[in-house]
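Please read all numbers here as calculations on a predicted model, not as lab measurements. Each ligand, and each atom within it, is numbered from 1 in the order the structure gives.
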Amino acid sequence: MLQLPVGADKQANLSHAKRELADALAESRADLVVLPEVWQSPYGVQHFGTYAESFGGLWDTLQQRAGKEAHGRARWGIDGRSGGVPLGAECASETLRWLSEQAREHGVVLVGGSIPERDEATGKLYNTSSVFDEQGHLISLFRKVHLFDINVPGMSFQESKTLSAGDRVCVFECSLGRFGLGICYDVRFGEYATICARLGAGAILYPGAFNTTTGPVAWELLLRARAADNQLYVLGCSPARPSQADIDGGSYPTWGHSSGVDPWGKVLATCDAAPARVRVELDPEMVEKCRAGVPISTQRRFDLYADISQV
Ligand SMILES: O=C(O)CCC(=O)C(=O)O
């Protein structure tokens, strides 16, 4: 996970991320790299429209593939099982082209954090994540499904002022296995993570940007809770915190603390708020051992809670 610093200059954000990715992989090989939530743009409802990019027909191409593979439920398909989609030079999104090139050049699975996306047909904006395989082919796109709308002392934020929510759970398959994907506030919703686990994910990745109000209480707790609830690895990758002068000037006070948690709920690696690289090893056997030893998935009482939305 790369906990990247983010500023107002998009080109500087891209070139910094490029250097950081190359340095991190030169320091030590990784198979999969996760970038933070909203890393080529500052995080703020007033910025999303300015930094948004459109993805052309890529959603349609991916959805046609997922449609064929969906488990009879279009909202829960598993992406990537028929391979990825090459991005032509004609792809309208500069950042997706950049991510594709980086994944191919370094031969890694690259989870591109998230960026603001504009849907050309509707004009709506989304907070969207993308995943590329080692060939630089697009495996999956995901639009944050739970928008960050809260109002508590110290933090008021209304993503829904400018963003719309996605309508599909994201599980993707790559050479390393099957992963769930959510964005930040999505981590607060246990049902979402459990669907990912029941679709076979061994890890859930959450690009996320908690803040200095909710972060200290909730970020690690939620990552650990989702891991223990579902007996899988959970990775949360945040941007680094801006300088105090920038925060005083209105920048979002990012919590940082990118962390990796194992299927027992133990924090394997973490960091503070400064730019950082956080490495974790994901061991599929650990998932199996945890699930075999504490078999909650077969002990569930769906006779009591098959459909909690009816309560
Ligand atoms: O849930 C929280 O407290 C923070 C969520 C957040 O920052 C986000 O969804 O971007």
Please round to the nearest 0.5 Å and tell me the distance separating atom CG of L181 and atom CG of D186. 8.5 Å
Mind listing the N or O contacts between ligand 1 and protein, cut-off under 3.5 Å?
{"from": "ligand 1", "atom 1": "1 (O)", "to": "R188", "atom 2": "NE", "distance (Å)": "2.6"}
{"from": "ligand 1", "atom 1": "1 (O)", "to": "R188", "atom 2": "NH2", "distance (Å)": "3.4"}
{"from": "ligand 1", "atom 1": "3 (O)", "to": "R188", "atom 2": "NH2", "distance (Å)": "2.8"}
{"from": "ligand 1", "atom 1": "3 (O)", "to": "T214", "atom 2": "OG1", "distance (Å)": "2.7"}
{"from": "ligand 1", "atom 1": "7 (O)", "to": "A209", "atom 2": "O", "distance (Å)": "2.7"}
{"from": "ligand 1", "atom 1": "7 (O)", "to": "Y252", "atom 2": "OH", "distance (Å)": "2.9"}
{"from": "ligand 1", "atom 1": "9 (O)", "to": "K144", "atom 2": "NZ", "distance (Å)": "2.7"}
{"from": "ligand 1", "atom 1": "9 (O)", "to": "Y185", "atom 2": "N", "distance (Å)": "3.0"}
{"from": "ligand 1", "atom 1": "10 (O)", "to": "E37", "atom 2": "OE1", "distance (Å)": "3.1"}
{"from": "ligand 1", "atom 1": "10 (O)", "to": "E37", "atom 2": "OE2", "distance (Å)": "3.4"}
{"from": "ligand 1", "atom 1": "10 (O)", "to": "Y43", "atom 2": "OH", "distance (Å)": "2.7"}
{"from": "ligand 1", "atom 1": "10 (O)", "to": "K144", "atom 2": "NZ", "distance (Å)": "3.2"}

Modelled atom types, side-chain donor and acceptor of E94 and Q40, under 3.5 Å: no
Distance, nearest 0.5 Å, that separates CG of L268 from OH of Y233: 6.5 Å
Without hydrogens or angle criteria, can the side chains of Q231 and S297 be said to hold a donor-acceptor pair below 3.5 Å? no
Drop me the distance from Y252's OH to N211's CG, to the nearest 0.5 angstrom. 3.5 Å
Working to the nearest 0.5 Å, report the span between OG1 of T61 and CZ of F55. 13.0 Å
